[in-house]
Number of protein chains: 2
Amino acid sequence: MTLQIEVDLTAGVPPYEQIRSQIVAHVSAERLRVGDRLPTIRALAADLGVAAGTVARAYRELEQVGVVTTRRRSGTVVAAGAVAADILARQAASAFVATVRAARLTDDAIVDLVRGALLEPTPAGDRQEGSEVAHPDAR
Amino acid sequence: MTLQIEVDLTAGVPPYEQIRSQIVAHVSAERLRVGDRLPTIRALAADLGVAAGTVARAYRELEQVGVVTTRRRSGTVVAAGAVAADILARQAASAFVATVRAARLTDDAIVDLVRGALLEPTPAGDRQEGSEVAHPDAR
DNA sequence: ATCAATGCATCAACTGATTGATACAATGAT
DNA sequence: ATCATTGTATCAATCAGTTGATGCATTGAT
């Protein structure tokens, strides 16, 4: 069996991102294990009907996060640190859940909260420590 | 005395988003309180050197989330529903989403991650309406 | 040494998001 | 009733991100 990866061009999510996340899911579910080899860029690209550069980007990002390692002729394999990256994400989730639970939110509300945050277009820092200020009130 | 709001055009984050998050920060820090009036769209736009539509978008999104209410001639004021705890929870969610997105997870994966975290520490009412993914969740 | 397989780099075209400008609609004050 | 003030809608221009195509660089096998 080959890896089950699919791309939906109408999904709104960029294809390279779909590929990337599905591979992460496969690693997380242990359908891919450390040392397993991924399809070659060209093979997967042809299979999915996308350009090679698209798959290459997915692989590149996976390598930056430490999920895979690539060598020129040997191909792309699941890296030893793949699990660690996954754990980091889980830790972030636990910390977040602890924080919002302190605010006595229900589980449903928490999930909704995350869904709402996911809808916001901000991919980068939402951080801003304000300066002092007074109330605008008005006329 | 006006609200301390600044826009950095080189920040990568869109200006309307910077405005939105800074106002949220002001409400969260109680520099803006329920009933306080925000600057008019035109005034703030002129002050920041951006177009009115940019500020308008920030205000619109704030209204959708329930942080402010706007009326045509009366202007835009901080809404009653904009409770600090709620706002803080939203920011926690935003921060979490930003963090885990940096790990390049897809939206569905993020929601799954949160669901998994919700199951762990406190076995409270962990009932979600049936979603699509089961995700056995190893490790 | 050569070759072929594999990932990498580059770049023009395309697509969607964001902005800025302008005109419109509603509404409270007079 | 009128007007000035405020938010809203629209739309072309611009900008950032993504893709697809092509060629290059590396490297293991022979």
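In what follows, chains carry the letters A, B, and so on, assigned in the order in which the sequence lines appear, proteins first and then strands, with residues in each chain numbered from 1. Source: prediction; values computed, not measured.
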Approximate separation, where rounding is to 0.5 Å, of [X] [atom1] and [Y] [atom2]:
X: L44(B); Y: T40(B); atom1: CG; atom2: OG1; value: 8.0 Å
X: L48(B); Y: Q22(B); atom1: CG; atom2: CD; value: 8.0 Å
X: E63(B); Y: R60(B); atom1: CD; atom2: CZ; value: 10.0 Å

With sequence neighbours excluded, residues passing side chain to side chain contact (heavy atoms under 4.5 Å, CB included) with V65(A):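 V65(A): side chain to side chain contact (heavy atoms under 4.5 Å, CB included) contacts with V67(A), A85(A), R104(B).
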
Once you round it to whole Å, what is the distance between [atom2] of [N] and [atom1] of [X]?
X: I41(B); N: dC24(C); atom1: CD1; atom2: P; value: 18 Å
X: L48(B); N: dG20(C); atom1: CG; atom2: P; value: 11 Å
X: I19(A); N: dG7(C); atom1: CD1; atom2: P; value: 13 Å
X: E17(B); N: dA16(D); atom1: CD; atom2: P; value: 17 Å
X: L9(A); N: dT18(D); atom1: CG; atom2: P; value: 15 Å
X: E63(A); N: dG7(C); atom1: CD; atom2: P; value: 11 Å

Ion pair E17(B)/R20(B), N-O distance below 4.0 Å: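 Between R20(B) and E17(B) there is a salt bridge, with a charged N closer than 4.0 Å to a carboxylate O.
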
Polar atom pairs (N or O), protein with nucleotides 12-14 of chain C, under 3.5 Å:
none

Within the 4.5 Å heavy-atom criterion, are L38(B) and L32(B) side-chain neighbours or not?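 Sidechains of L32(B) and L38(B): in contact.
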
Just wondering, do R37(B) and T76(B) contact through their side chains at under 4.5 Å, heavy atoms?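 No - every pair of side-chain heavy atoms lies 4.5 Å or more apart.
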
Quick one: list whatever passes side-chain hydrogen bond (donor to acceptor under 3.5 Å, both in side chains) with R73(A), sequence neighbours left out.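 Checked R73(A) against side-chain hydrogen bond (donor to acceptor under 3.5 Å, both in side chains); zero matches.
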
Distance check: side-chain N/O of T76(A) vs OP1/OP2 of dG7(C), anything under 4.0 Å?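 The answer is yes; a side-chain N or O of T76(A) sits under 4.0 Å from OP1 or OP2.
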
Can you name the atoms? Protein N/O to nucleotides 24-27 of chain D N/O, anything below 3.5 Å, with the distance.
unit_1: dA25(D); atom_1: N3; unit_2: R72(A); atom_2: NH1; d: 2.8

Are any side-chain N or O atoms of R101(B) and backbone N or O atoms of L118(A), one a donor and one an acceptor, separated by less than 3.5 Å?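 It does hold such a pair.
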
Counting distance only, does the side-chain N/O of H26(A) pair as donor-acceptor with the main-chain N or O of Q4(A) below 3.5 Å?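 Answer holds: yes.
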
Keeping to residues at least two apart or across chains, list the ring-ring contact (aromatic ring centres under 6.0 Å, His included) pairs with something in residues 47-66 of chain A.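 Those involving residues 47-66 of chain A do not exist here.
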
Does G49(A) or A52(B) map to a spot on DNA chain D nearer the 5' end, using the closest nucleotide for each?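 Final value for this comparison: A52(B).
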
For DNA chain D, which residues of residues 53-61 of chain A approach it to below 4.0 angstrom with any heavy atom?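 Output list: T54(A), R57(A).
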
Nearest to the T70(B) side chain among dT6(C), dT8(D), dT19(C), which nucleotide is it?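 Among the listed nucleotides, the one closest to the side chain of T70(B) is dT8(D).
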
